[in-house]
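All heavy atoms count here, side chains included; hydrogens, waters and symmetry mates do not. All values derive from a computational prediction rather than experimental measurement.
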There are 2 protein chains.
Amino acid sequence: MARATPATHDELLTAAARRFTVTGYKGTSLQDIAREVGCSKATVLYHFASKDALLCELMAPAIAMLEELDARLAGRTGADAQRVAAEGFVDLAVGFRREIALLRGEFPDLLQQPAFAHIQQISERLVAAFAGFSDRPAARVAALVVLAGIAETCGEFLDIPDEELRPALLAVAHRALEPTT
Amino acid sequence: MARATPATHDELLTAAARRFTVTGYKGTSLQDIAREVGCSKATVLYHFASKDALLCELMAPAIAMLEELDARLAGRTGADAQRVAAEGFVDLAVGFRREIALLRGEFPDLLQQPAFAHIQQISERLVAAFAGFSDRPAARVAALVVLAGIAETCGEFLDIPDEELRPALLAVAHRALEPTT
DNA sequence: TCAGGTGCTGACCGATCGGTCAGGCATGCT
DNA sequence: AGCATGCCTGACCGATCGGTCAGCACCTGA
């Protein structure tokens, strides 16, 4: 197989992201990614140690931002935590629409990987913050609906600009979340 | 491989549902399903023509209810459509938590199958109804957040009773959806 | 007693998966 | 010229996928 231009690291990364968002992580083969950039499967594995490593590198910026949000949440309570969590997560979801979208559905499975082990705990803390740290079922249900809804929705609006998506998501989050007592 | 009791059709169906919700459709092999009920992979394919056929039969009741909701929506507009859509979809999501949950993430891919071709159109009409048939981006964003959020949330609350989950979801839906103008 | 159907099985199939490996082919330094 | 290095490749590997098939054990009605 002939290559016109050298397949760069980043070129493969964005191609993989594109495929993952369409057919999911498990549903995308290294062959698919290679075909997208016009190189061989072996080339993909030359640039990345494994398929998992590719995913990790793809998710790294989003995960870093998630960890930063988690740190910012520490110590906050009630309405304050709720507001910071909502704004932070909307920013994250809007900024990393593709990355968030590709995790949907495969979340529970991918979280088994040691590289993503702590994400589960972070997202649980995030849900708790969305609920204003209330343990009432209704508050927790509302929190999860908003969190999951935002994550899912971002992937569907890949075409509209950030400055339009962001306030729309924030508005629905503020309406939907239960006011803290 | 020895079997104590005969593997019934339904036993396989529920086992498959359980696995699908944990590891997804693509992520679950016929071997996994067979292991869960303690029979051979060939037995699974004796009861079901194919893996796809198994999925179709699993989803049939939920799809029937979705089609019924779609029919009930015909002709309705504005707040009326919004209310009927919300109540109908919450009922559907609560009643078929597992089935809804297993479709998440693999939705775009599974919809390619001819058996599910019309589901895409139905869900688009459902989103439109949630938005009160407004074409304002904010209304459509809110609609999708609520729809996707409810679908995703149900799969996470498999343990709490219907009569507790239902009003909680309806409440957050009513708060979150934009009032029709 | 025996023929026929039902439920189920292990063995097997081709395809595809993620991953390995030796080597080809440029390019640039010595 | 000779050599090393970086990028890339086809061929190949074992594992696993969904699916097929001949045949076994069992039950039942004739």
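- Rounded to whole Å, atom C1' of dC8(D) lies 16 Å from atom NE2 of His9(A).
- Neither OP1 nor OP2 of dG6(D) sits under 4.0 Å from any side-chain N or O of His47(A).
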Set out, in order, the CA-CA distance, both residues' side-chain angles and the distance that settles side chain to side chain contact (heavy atoms under 4.5 Å, CB included) for Phe89(B) and Leu169(B), then state yes or no. CA-CA 10 Å; Phe89(B) 188 70; Leu169(B) 287 174; over 6 Å; no

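- Comment: Asp162(A) engages Arg97(A) in a salt bridge, judged by a side-chain N to carboxylate O separation of less than 4.0 angstrom.
- Look at OH on Tyr46(B): it is 14 Å from C1' on dG23(D), rounded to the nearest Å.
- Atom CZ of Arg140(A) is surrounded by 12 or fewer heavy atoms from other residues, nucleotides or ligands within 6.0 Å.
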Restricting both atoms to N or O, compile the protein contacts to nucleotides 16-18 of chain D shorter than 3.5 Å, with distance only.
unit_1, atom_1, unit_2, atom_2, d
dC17(D), OP1, Ser29(B), OG, 3.3
dG18(D), OP1, Thr28(B), O, 3.4
dG18(D), OP1, Lys51(B), NZ, 2.7
dG18(D), OP2, Leu30(B), N, 3.0
dG18(D), N7, Lys41(B), NZ, 3.1
dG18(D), O6, Lys41(B), NZ, 3.3

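- Side-chain atoms of Thr23(B) never come within 3.5 Å of backbone atoms of Phe20(B) as a donor-acceptor pair (strictly under, hydrogens ignored).
- One finds a side-chain N or O of Ser40(A) lying less than 4.0 angstrom from the OP1 or OP2 phosphate oxygen of dT9(D).
- Legend: side-chain hydrogen bond (donor to acceptor under 3.5 Å, both in side chains) pairs involving residues 124-135 of chain A, not counting sequence neighbours, sorted by first then second residue: Asp70(A)-Arg125(A).
- Tyr25(A) carries Lys51(A) over the face of its six-membered ring, with the cationic atom under 6.0 Å from the centre and within 45° of the normal.
- Nucleotide dG19(C) holds its P atom 13 Å from the CZ atom of Phe48(A), rounded to whole Å.
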